[in-house]
Amino acid sequence: MIYFDYAATSLKRKEIFEDILNNFTLFDGNADSLHKYGREARKILNESRKIISHSLEANEENIYFTSGASESNNTILKNFKNKKIMTSSIEHPSIINAIDTNQTVVYLNPDRNGNISFDDFVRNYSDDIDLVSLMYVNNETGNILPIKEIGDYLKDKNTWFHVDAVQAYSHLDIDVEDINCDSLSLSGHKIGGINGFGILFARRKFENLIYGGEQEQFKRAGTSFVIGAYSMAKSYQKAFDEQEHLKMIKNYFLKKLNNSSIEYEINGDLENQSPHILNIYFPFTSSEFLLTYLDMRNICVSAGSACSAGSLEHSYVIEKMYNASRAKHSVRFSFGFKNQTQDIDKLIEVLESLYRRKNEG
């Protein structure tokens, strides 16, 4: 099986989970219990928080563990339920769908290359906006938003700046002080950690989304997911060190495409992208057919955000950039640590075979 869907979820890092299994008793206790098992779990939790905070150049006391970026995003959005906000029309559904239907929202739209313009942001911004919420890297095109410039602009404003950094984490250097964000969300499973764990960085006070016990400095109730924290912390440096490998794989794919007979166009801006995502328009086939065709040949890709269980819908991001027709013929490839050049060779072989069949038909 060849896997090109790391933006949906990374394949798991076997060595980390073998380490967990080999030391399983260290994870048995509740991190809030005072006995030995609890103290061992608390130590792992604290060490994991330290590693994750360091990866963001953040203070440990500003790192809150959650069930993932969707919860983290919802936590911030629900704090601005009756406020005026600004976001983009190409955000993740955990932002778009968390907006109250009666809320005043200023939407920024992408250009044809999928970029959100800083100048457009400035033109649309006003001092009565309470929250600006933007993703760092778009999950479908890989395009990088002007987060640093926007953070600098908002630094002296009375506006909360939230960043969904899920697809940027480990692929770009992230310094919460440098980008001047007030909050930021991450998910551990995007870099090889276990699903169901994420973080919310927040430097300012916020209202809980989940109430109950006293965990996470009284700000997020629920028994601590120690294995989740450990697997995310242990995955970070490995993922960070893989940046050059992912660039190589992506460039190799582009080179092979250029040297092939396959008809295609890139969705997005290659000069302004994360190294792990590539979205492609194939006019000769629908994305639905292509996904099935590749899956039958043991190649995994996606057509859009993996947020609708059991459904296949075209990408609203590509539709915003172009139109619905192009979105219905576009596929996202996202790369990770297990991908090798021979995987690309096989993919090109399968795509060329389909292209010839379509032309002959």
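Side chains are part of it too, since the values below use all heavy atoms of this structure and drop only hydrogens, waters and symmetry mates.
- Ion pairing between R332 and D5 holds under the 4.0 Å rule for side-chain N and carboxylate O.
- Atom OG of S183 is separated from atom CZ of R204 by 9.0 Å, given to the nearest 0.5 angstrom.
- Of all non-hydrogen atoms in A327 and I318, the two that sit nearest each other are CA-CG2, 3.8 Å.
- Both tests hold for K358 against F289: distance to the six-membered ring centre under 6.0 Å, angle to the ring axis within 45°.
- Ion pairing between a basic and an acidic side chain is recognised when a charged N comes within 4.0 Å of a carboxylate O; K50 and E47 show no such pairing.
- Although no hydrogens or angles enter the test, the distance criterion places no donor-acceptor pair under 3.5 Å between the side chain of N73 and the main chain of S70.
- Listed by chain and residue number, nothing satisfies the salt bridge (Lys or Arg N to Asp or Glu O under 4.0 Å) test with K81 (two or more places apart in sequence, or in another chain).
- Taking the ring centre of F17 as origin, the terminal cationic atom of R13 falls outside the region bounded by 6.0 Å and 45° from the ring axis.
- With values rounded to the nearest 0.5 angstrom, F225 atom CZ is found 11.5 Å from S48 atom OG.
- Remark: the backbone N or O of Y64 is not paired with any side-chain donor or acceptor of Q217 at under 3.5 angstrom.
- Panel note: side chain H245, backbone N339; a donor-acceptor pair is recorded below 3.5 Å.
- Of the charged side-chain nitrogens involved, at least one lies within less than 4.0 Å of a carboxylate oxygen, so that R49 and E216 count as a salt-bridged pair.
- I76 and I174 fall into different hydrophobic clusters, where Ile, Leu, Val, Met, Phe, Trp and Tyr are joined by side-chain heavy atoms under 4.5 Å apart, directly or via other members.
- Between the side chain of N259 and the backbone N or O of K255, at least one donor-acceptor pair lies under 3.5 Å.
- A donor-acceptor contact shorter than 3.5 Å links the side chain of S287 to the backbone of K328.
- A salt bridge links R123 and D120; the closest N-O separation between the charged side-chain nitrogens and carboxylate oxygens is under 4.0 Å.
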Could you go step by step and tell me if Y281 and Y264 meet the ring-ring contact (aromatic ring centres under 6.0 Å, His included) rule? CA-CA 6 Å; Y281 165 56; Y264 77 96; 9.9 Å; no
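- Between K43 and E40 there is no salt bridge, since none of the side-chain N atoms of the basic residue sits less than 4.0 Å from a carboxylate O of the acidic one.
- The backbone N or O of E15 sits nowhere less than 3.5 Å from a side-chain atom of D19 that would complete a donor-acceptor pair.
- Looking only at distances, no side-chain donor or acceptor of N279 sits under 3.5 Å from a matching main-chain atom of N267.
- By the 4.5 Å heavy-atom criterion applied to side chains, K83 and W160 are not counted as neighbours.
- A 4.5 Å side-chain heavy-atom check between V166 and N139 finds every atom pair outside the cut-off.
- Side-chain atoms of S117 and D119 include no donor-acceptor pair closer than 3.5 Å.
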